Amino acid sequence: MSNENIRKVTTHISQNEGLIFEHSSPGKKAYRLAELDVPEIDASAELGAALRTESAALPEVSEPEIIRHFTRLSTWNYAVDHGMYPLGSCTMKYNPRVNEVVSRLDGLAGAHPYQPEQISQGVLRIMKALADQLIEITGMDAITLQPAAGAHGELTGILLMRAFLESQGNARKKILIPDSAHGTNPATAAMAGYEVENLRSNEDGMVDLAALEAQMNEDVAGLMLTNPNTLGIFDEQIAQIAEILHRKGGLLYMDGANMNALVAKARPGDFGVDMMHLNLHKTFSTPHGGGGPGSGPVACTKHLEPFLPKPVVVETDEGTLRLDYDRPQSIGRVRAFYGNFGMLIRALAYIMANGPDGLRQTTEDAVLNANYLRKKLEGTFDLPYSTPTMHEVVFSDKLQSKSGLKTGDIAKRLIDYGFHPYTVSFPMVVHGALMIEPTESEPLEELDLFVDAMKSIAQEAIDSPDLIKNAPHSTRLSRLDETAAARKPVLRWKLESK
Ligand SMILES: *Cc1c(COP(=O)(O)O)cnc(C)c1O
């Protein structure tokens, strides 16, 4: 084991939880108030029964203690600002600081959603500019910026599909979903009231066209295609898939969460897609994690435009912008106000800072980085599909399973080497999947460190499998009960709960 490759996580481990969390002692303060320069009032006379008589029991600590406490807590987590975060499918790329600077400008950070249109022109201009850029990037005709996440965008898109088909007196029952799709796809289709029908992949990891031909009929509203799919494989038959659906009156939804492999190289609108979502918090660098806020705009073709959520930003003849609510066929609102506006600013800043050439370079680097890892780790880890991959690569734990190790064990050990784990056991078409997405953010040096770590772990799997089975060893807590953590989360530390 190459110890020098292990970047120690900063810990400050104490066996005594109380010493970690409880710093309060009476009389300490982290503030100093100015001398009172107004007459003192009799608070009990002014406030009566509303006056607090008991202490609020807030912690009493000094400023350095507060700073140290929160800084220490922040080191117990892992962030994209610490190092490589190769969580496949999630595109954990760097969040440029210029985005933050722009989104904090007074006129933007202080804008209120109830402000009249006349004094919101700048804000509306940003929404319009982003909409135009995303339409250009996707090759679609129209867009809504309202949805607050990718899955929310999917639901919006499928509601558009249904509204469109119903407007033609052609409500249908089923949605086809390839087995390489993201898990949110079938969940979305079911939530929108459709029956989900599974569609087989062929041995190249793409949609089986013969199966599609056989399953496509007048009961099928459409198909949801993640492309590139969760194997990182671009389904190059997408135009044929669209054609098969369209011939029988169905629509093609594209899950665009993996657009980091396509931006400024290929446009879904050019290959027959009817509607799609984007994840601004993946492809367009807005912060991501801790539950949000995200943003999942939905782009669509002309024939679906009348059904988009309202309001829509439109340009008047005088060149000013306004919000158009007069959309009789709209599916209605999917989100309060206009979506997560702060994220829209950041995404626009990212697009403008990069420009078309920068975006193209970004896409090429994302694909190059993933293929560098694929090449370096092939042989050390089993590669279940030999089809070329784009921005991510999926290995399996087949070789390590001979030592009784699973993908989750290898992922835990990776934490000891200073990396966030890759995505574990997903996609489900691969047994024991290791799904790795480095993104374009990683320099060659970091990729090489990752390769060293993975190779070192593969060697440990042969020499000392128990080391991996009990990992991580460098964190404050090691293996948690993941089910209980999800079902019964403890969100607040209390001394008495110990
Ligand atoms: C992340 C992702 C989603 C869901 O997006 P959220 O913003 O997490 O709701 C859907 N499909 C794919 C392929 C994804 O990677």
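What you see is a predicted model, and the numbers here were worked out from it, not measured in a lab.
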request  = Dump the intermediate steps for side-chain contact (heavy atoms from CB on, under 4.5 Å) on Val123 and Ile345, then the final yes or no.
outcome  = CA-CA 9 Å; Val123 169; Ile345 306 169; over 6 Å; no

Test log, rule side chain to side chain donor-acceptor pair (under 3.5 Å), inputs Asn95 and Arg346 = CA-CA 9 Å; Asn95 312 137; Arg346 287 170 174 85; over 6 Å; no

ask   = Going through the distances and angles, do Glu65 and Ser62 end up as a side chain to side chain donor-acceptor pair (under 3.5 Å)?
value = CA-CA 5 Å; Glu65 284 171 310; Ser62 67; 2.9 Å; yes

Main-chain N/O of [Y] paired to [X] side chain as donor or acceptor, under 3.5 Å:
| X | Y | answer |
| --- | --- | --- |
| Glu100 | Arg97 | no |
| His281 | Ser295 | yes |
| His182 | Pro427 | no |
| Arg360 | Glu364 | no |
| Thr91 | Lys282 | no |
| Glu392 | Gly88 | no |
| Thr71 | Arg68 | no |
| Arg476 | Trp76 | no |
| Thr144 | Leu308 | no |
| Gln146 | Lys310 | yes |

message = Taking Arg125 first and then Asp132, would you say they form a salt bridge - that is, a charged N and a carboxylate O separated by under 4.0 Å?
response =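 No, Arg125 and Asp132 are not salt-bridged.
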
ask   = Should Asp452 and Lys455 count as an ion pair when the cut-off is N to O under 4.0 Å?
value = no

request  = Determine the interplanar angle of the Tyr85 and His420 rings, folded into 0 to 90°, and report it as parallel if under 30°, tilted if 30 to 60°, perpendicular if over 60°.
outcome  =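 Parallel, since the angle between the ring planes stays under 30°.
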
Side chains of [X] and [Y]: donor-acceptor distance under 3.5 Å anywhere?
| X | Y | result |
| --- | --- | --- |
| Ser396 | Asp382 | yes |
| Thr184 | Glu154 | yes |
| Asn227 | Asp255 | no |
| Asn369 | Thr439 | no |
| Ser285 | Asn99 | yes |
| Asp357 | Gln361 | no |
| Thr389 | Arg374 | yes |
| Asp416 | Ser474 | yes |

Locate the shortest heavy-atom distance separating [X] from [Y]; write the atom from each residue and the value.
| X | Y | result |
| --- | --- | --- |
| Leu405 | Pro465 | CD2-O, 3.8 Å |
| Glu60 | Pro26 | OE2-CA, 3.7 Å |
| Met224 | Asn185 | SD-O, 3.5 Å |
| Phe450 | Pro86 | CE1-CG, 3.9 Å |
| Leu344 | Met127 | CD1-CG, 4.1 Å |
| Met343 | Pro287 | SD-CD, 3.9 Å |

If you define the side chain from C-beta out and look only at heavy atoms, does anything of [X] sit under 4.5 Å from [Y]?
| X | Y | value |
| --- | --- | --- |
| Leu87 | Glu437 | no |
| His82 | Asn77 | no |
| Thr138 | Gln133 | no |

message = Please determine whether side-chain contact (heavy atoms from CB on, under 4.5 Å) holds for the pair Gln121 and Leu321, giving the CA-CA distance in whole Å, both sets of side-chain angles, and the decisive distance to 0.1 Å.
response = CA-CA 6 Å; Gln121 288 297 306; Leu321 295 171; 3.7 Å; yes

Full working for side chain to side chain donor-acceptor pair (under 3.5 Å) between Asn470 and Ser478 = CA-CA 8 Å; Asn470 300 318; Ser478 186; over 6 Å; no

Greater than 12 external heavy atoms within 6.0 Å of [X]'s [atom1]:
| X | atom1 | result |
| --- | --- | --- |
| Glu378 | CD | yes |
| Asp106 | CG | no |
| Lys375 | NZ | no |

query = Hey, would you say the Tyr114 and Phe337 ring centroids sit under 6.0 Å apart?
reply =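 Yes, the ring centres sit under 6.0 Å apart.
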
query = Yes or no on side-chain contact (heavy atoms from CB on, under 4.5 Å) for Thr362 and Val263, after CA distance, side-chain angles and deciding distance?
reply = CA-CA 8 Å; Thr362 293; Val263 172; over 6 Å; no

